[in-house]
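Keep in mind that this is a model prediction, so the values were computed, not measured.
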Amino acid sequence: MFYPYGSPSHDNHLPPNDDGSSNEIYISSSFPFFNTSHRSLFVNTNGDLTFLSALSTFTPSPFPYQQNTQIVAIYWCDIDTRKGGDIWYRETTDHVLLQKASTEIHTVFPQQSGFNASWIFVTTWSKVAFYGSDSNGQRMV
């Protein structure tokens, strides 16, 4: 497990849906992304976070995705949690998790040796079903 998640971690839960999104989530620190600083974001069912607005559709288009969409495509696919799975999210400043995140950044990006995470946003797509699957999360034939 990358980071703990779910109810025991006091995560928010995105209700079961197809092509849905969270409400706008205000974050405690400004997040710089492509020369823009953001103070809020959206968790979208289809495996991404967006900053300017929710993204309610899944269209496998090449990047840059859509004009005026700033997207972090973490788990980019066509998800339908009405057929199974959960999406959990939270912002945290837990010291143990901040240290873990900082260590991971130092390992992957050694040139960022001075980086120290001050907060993290944890989003987990757990055992999610894909659009068109049956109630067991299997492909319908």
Side-chain angles (χ1 to χ4, degrees), residues 1-140:
M1 180 182 314
F2 293 119
Y3 292 86
Y5 67 92
S7 294
S9 297
H10 307 286
D11 282 3
N12 296 294
H13 182 253
L14 196 61
N17 71 81
D18 176 37
D19 295 336
S21 302
S22 69
N23 291 324
E24 186 172 17
I25 301 164
Y26 293 92
I27 52 179
S28 63
S29 296
S30 183
F31 184 80
F33 189 69
F34 287 99
N35 298 321
T36 303
S37 291
H38 300 279
R39 296 299 304 231
S40 65
L41 56 83
F42 298 84
V43 175
N44 302 294
T45 300
N46 291 319
D48 59 86
L49 303 177
T50 50
F51 295 101
L52 302 176
S53 63
L55 184 61
S56 62
T57 60
F58 176 78
T59 305
S61 300
F63 286 91
Y65 182 63
Q66 292 178 1
Q67 189 175 27
N68 298 323
T69 298
Q70 293 189 3
I71 181 172
V72 178
I74 302 157
Y75 185 70
W76 182 236
C77 56
D78 199 0
I79 295 171
D80 184 351
T81 55
R82 298 173 303 176
K83 300 291 185 166
D86 294 290
I87 301 170
W88 300 96
Y89 60 93
R90 76 180 181 284
E91 179 180 355
T92 185
T93 56
D94 176 89
H95 178 73
V96 172
L97 295 181
L98 293 178
Q99 184 59 50
K100 179 178 175 158
S102 297
T103 299
E104 289 173 352
I105 293 295
H106 299 158
T107 300
V108 177
F109 303 101
Q111 69 277 22
Q112 297 296 327
S113 61
F115 174 81
N116 288 302
S118 59
W119 67 279
I120 55 176
F121 194 85
V122 179
T123 311
T124 306
W125 288 264
S126 176
K127 301 177 184 176
V128 293
F130 58 91
Y131 179 79
S133 67
D134 64 16
S135 60
N136 296 315
Q138 302 295 313
R139 179 167 294 284
M140 294 173 39

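- Listed for the Thr92 side chain is a donor-acceptor partner under 3.5 Å among the backbone atoms of Asp94.
- Side-chain contact check for Ser28 and Glu91: at least one donor-acceptor pair (N or O, by modelled atom type) lies under 3.5 Å.
- The shortest distance between side-chain heavy atoms of Leu41 and Ile27 falls below 4.5 Å.
- At least one donor-acceptor pair closer than 3.5 Å links the side chain of Lys100 to the backbone N or O of Phe2.
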Test side-chain contact (heavy atoms from CB on, under 4.5 Å) on Ile79 and Trp125; report intermediate values, then the result.
CA-CA 9 Å; Ile79 295 171; Trp125 288 264; 3.7 Å; yes

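- Taking OG of Ser102 as the start and CD of Gln112 as the end, the distance is 11.5 Å to the nearest 0.5 Å.
- Between Ala117 and Ile120, the shortest heavy-atom contact is CB-CG2, 4.3 Å.
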Counting only pairs under 3.5 Å, give me each side-chain donor-acceptor contact of residues 15-24, with atom names and distances, residues two or more places apart or in other chains.
residue: Asn17; atom: OD1; partner: Gly20; partner atom: N; Å: 2.6
residue: Asn17; atom: OD1; partner: Thr45; partner atom: OG1; Å: 2.6
residue: Asn17; atom: ND2; partner: Pro15; partner atom: O; Å: 2.7
residue: Asn17; atom: ND2; partner: Thr45; partner atom: OG1; Å: 3.1
residue: Asp19; atom: OD1; partner: Asn46; partner atom: ND2; Å: 2.7
residue: Ser21; atom: OG; partner: Asn44; partner atom: OD1; Å: 2.5
residue: Ser21; atom: OG; partner: Leu55; partner atom: O; Å: 3.4
residue: Ser22; atom: OG; partner: Val43; partner atom: N; Å: 2.9
residue: Glu24; atom: OE1; partner: Tyr26; partner atom: OH; Å: 3.0
residue: Glu24; atom: OE2; partner: Ser40; partner atom: OG; Å: 2.6

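- A distance of 9.5 Å separates CD of Glu104 from CG of Leu97, quoted to the nearest 0.5 Å.
- Taking CG of Leu98 as the start and OG of Ser118 as the end, the distance is 7.0 Å to the nearest 0.5 Å.
- Checking side-chain atoms of Ser133 against main-chain N and O of Ala129 turns up no donor-acceptor pair under 3.5 Å.
- In this structure the side chain of Leu49 reaches within 4.5 angstrom of the side chain of Ile74, judged on heavy atoms.
- Considering CG of Asn116 and CD of Gln99, their distance stands at 7.5 Å, rounded to 0.5 Å.
- Considering only heavy atoms from C-beta on, Lys127 stays 4.5 Å or farther from Asp86 through its side chain.
- Looking at His38, its side chain never comes within 3.5 Å of a backbone N or O of Pro32 through a donor-acceptor pair.
- Annotation: Phe31 is in aromatic contact with Phe51 [ring centroid separation under 6.0 Å].
- Taken to the nearest 0.5 Å, the OG1 atom of Thr123 stands 12.0 Å off from the OH atom of Tyr3.
- Across all non-hydrogen atoms, the minimal contact from Ile71 to Phe33 is O-CZ, 3.5 Å.
- The ring pair (Phe, Tyr, Trp, His ring centres under 6.0 Å) check on His13 picks up Trp88, with sequence neighbours excluded.
- Looking only at atom types and distance, the side chain of Tyr89 has no donor-acceptor partner in the side chain of Thr124 under 3.5 Å away.
- For the pair Ser29 and Trp119, the tightest heavy-atom approach, listed with the atom from each and the gap, is CB-NE1, 2.9 Å.
- One distance of note links CG of Asp48 with OG1 of Thr50; it measures 6.0 Å at 0.5 Å rounding.
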